[in-house]
There are 2 protein chains.
Amino acid sequence: MSVAPPRPSLPPLNALRAFESAARLGGFKQAAGELNVTAGAVAQHIKFLEAWCCAPLFERRAKGVSLTVLGQSVLADFERAFDAVGFASQRLRALGAPKNVNIAALPSVAQLLVVAWLPAMRDAVQGVQVSVTAMEEAPNLAREPFDLSLFFELNPKQSLTGLDALIPVASPSLVAGFTDLEAFMSARHISDQSWAQDWPRWFEAVFPDQIYSGSGPSYSLFSMAVEEAKSGAGILMAHRSLVAPLLKSGALVVAMDRPVPIDLALVLERSPISGESPVVDALVEVIETLV
Amino acid sequence: MSVAPPRPSLPPLNALRAFESAARLGGFKQAAGELNVTAGAVAQHIKFLEAWCCAPLFERRAKGVSLTVLGQSVLADFERAFDAVGFASQRLRALGAPKNVNIAALPSVAQLLVVAWLPAMRDAVQGVQVSVTAMEEAPNLAREPFDLSLFFELNPKQSLTGLDALIPVASPSLVAGFTDLEAFMSARHISDQSWAQDWPRWFEAVFPDQIYSGSGPSYSLFSMAVEEAKSGAGILMAHRSLVAPLLKSGALVVAMDRPVPIDLALVLERSPISGESPVVDALVEVIETLV
DNA sequence: TTAATAGGCCTAGAAAAACTGAGTCTTGCT
DNA sequence: AGCAAGACTCAGTTTTTCTAGGCCTATTAA
């Protein structure tokens, strides 16, 4: 008999979040990625939650998991709840530190475009601290602490640049030596590892009746490939929107003026709360001017 | 330079919950009570949150705290968010373990009324585990894992019993000896510590032109006072709704039939999600029959 | 003015929670 | 059968969170 008797307690919030994430993404591994922990940690949270509510939430399949009926019937509630938590947190951050702005961008976008815009940005919003975080996947702006995101999307309704195009680029000195197609094809063909298919794709579109046979190094970071191309190491198959500033400055030139349209486009998204922030408004305007 | 670069992270959920609680209740101490931790723990959460959003959320006053403008402007968002979390958790519990029902009640209500109802309850919903938790304050049924609560409220719109009344009760043998008012007044006047004013209050209402001068022991638990009264130790100034079953059974009798109405009434509340539960429906019916 | 009090703050140490890492198990695919 | 993917488990570790107790300040009462 205790003085302050133990009450039946609520489930730990972190376990609830793990459930929501795993249920929404359809797997512990994906949830682990989103939450920046290991899959084992997620499994433990879920297990705890299942013990708390005395019922299984997932059916364990060989690959991945699937929700039980119970899991399905509460998922929507938890999505709503954590959306609300994320929204409130975003708002707290934005109101509390209006002089800090976080931008999320694909690594290549961050290094090739955003960096170039930063001076103008600083100019437009003085005294504001603009942070840029590179990541592979666009964050959920309703949940994570970013004000703006810049990612490629498939056939978006709205985009900064319109649909993108593949275009081969190289250093001016290298291009000067391309007297014929053979010279072009036998040069080193630089590419980005995550866009390794761009060279064959472009070639097939431009020379539909021929087989692509070029070769060359690939880099895990697009900006490394760009550096190599700038130093004359070969021809880079680039996304036009990413190298536009370099083409403008002359650091790179088009190696063969046959752009091939692709269905990706660069999209700028604003967090739901950014409407309240004149600072973000100003930054968006700078971006739209410079792009 | 790390492979998985650290992202700006969301604030810890527990810190957000501490903020919400402290802001809603208007103090760290109250929040500590609600969260079942010490005030220091709450203070640390708040401090962390203030560091995270780079701005103070509370103004520290000598007694208690008050929200800053920033705190005020995000409180509503967090209330909504944690209401949603609580609702989802409640629903998970109710759907996952529909055979467990939790009732929250004032200690005196639990010991004098609910205990008496339990056999009928068990009968009405067989195979269901009914747990009763005694507490001083009504829990927030939208947040905490209870299906029903039974507490006294000031002038409620709806109640189980209507407005309550103070009534002096004692064991039959003791009452038999009360030949006049003096005998009544010089008997031991038992009371509950948290309702210590009930004796003077009753006396003033019944004998407006006299000064109350009785005395006797008080107990921190109303049910202890009841036990004492049953064993003939004195006259207990009781709330009529609480001793009704004992008056009915004859264990206690009215010592002077002058009930004094008070503006409290016993209220039964259901959690927002209990509408989905036929088990809770059945229990409510049992209670309304027996009260 | 002084004392008493209530509430928040701080810090060290303790307790609890969460996380990792490595190995296991299951199952679907080739 | 062999492989791969994903989830599970468990021990050990790291990190977070909590408590206890003393301190400080402002209000209230005397």
Let me spell it out: for each of A:R61 and B:A15, pick the nucleotide of DNA chain D with the closest heavy atom. Which residue's pick is nearer the 5' end? A:R61
Check if the side chain of B:Q44 and the base of D:dT16 share a donor-acceptor pair of N or O atoms closer than 3.5 Å. no
In whole Å, what is the span from the CG atom of B:L13 to the P atom of C:dA17? 16 Å
Do any side-chain atoms of residues 195-202 of chain A form donor-acceptor pairs under 3.5 angstrom with protein atoms, and if so which ones, sequence neighbours left out?
{"from": "A:D198", "atom 1": "OD2", "to": "A:H239", "atom 2": "NE2", "distance (Å)": "3.1"}
{"from": "A:W199", "atom 1": "NE1", "to": "A:I190", "atom 2": "O", "distance (Å)": "3.0"}
{"from": "A:W202", "atom 1": "NE1", "to": "A:R258", "atom 2": "O", "distance (Å)": "2.8"}

Residue closer to the 5' end of DNA chain C, A:V37 versus B:G40 (nearest nucleotide): B:G40
In terms of the nearest nucleotide of DNA chain D, which residue is placed more toward the 5' end: B:V42 or A:G27? A:G27
For A:Q129, does the CD atom sit with more than 12 other heavy atoms under 6.0 Å from it, leaving out its own atoms? no
I need the CZ-C1' distance between B:R60 and D:dC23, as an integer number of Å. 17 Å
Nearest whole angstrom, please: distance from the P of C:dA18 to the CG of A:L35. 13 Å
If the cut-off is 4.0 Å, is A:K47 near the phosphate of D:dT9, judged by side-chain N/O to OP1 or OP2? yes
Contacts of A:F48 and B:F28 projected onto DNA chain C by closest heavy atom; the upstream (5') one is B:F28
Between C:dT20 and A:T38, is there an OP1 or OP2 to side-chain N/O distance shorter than 4.0 Å? yes
Of the listed D:dG6, C:dG8, C:dA18, the closest approach to the B:V65 side chain comes from C:dG8
How is B:A43 classified with respect to the nucleic acid when contacts are heavy atoms under 4.0 Å: base, sugar-phosphate, or nothing? sugar-phosphate
Have B:Y219 and B:E228 got a donor and an acceptor in their side chains that come within less than 3.5 Å? yes
At less than 4.0 Å, is any side-chain N or O atom of A:H45 found next to OP1 or OP2 of C:dC19? Yes or no. yes
So B:A41, base contact, sugar-phosphate only, or nothing? Heavy-atom distance under 4.0 Å. base
Could you please spell out the steps behind the side-chain hydrogen bond (donor to acceptor under 3.5 Å, both in side chains) verdict for B:T68 and B:E59? CA-CA 6 Å; B:T68 59; B:E59 270 154 19; over 6 Å; no
Applying salt bridge (Lys or Arg N to Asp or Glu O under 4.0 Å) between A:E276 and each of A:R270, A:R93, A:R91, report the one that passes. A:R91
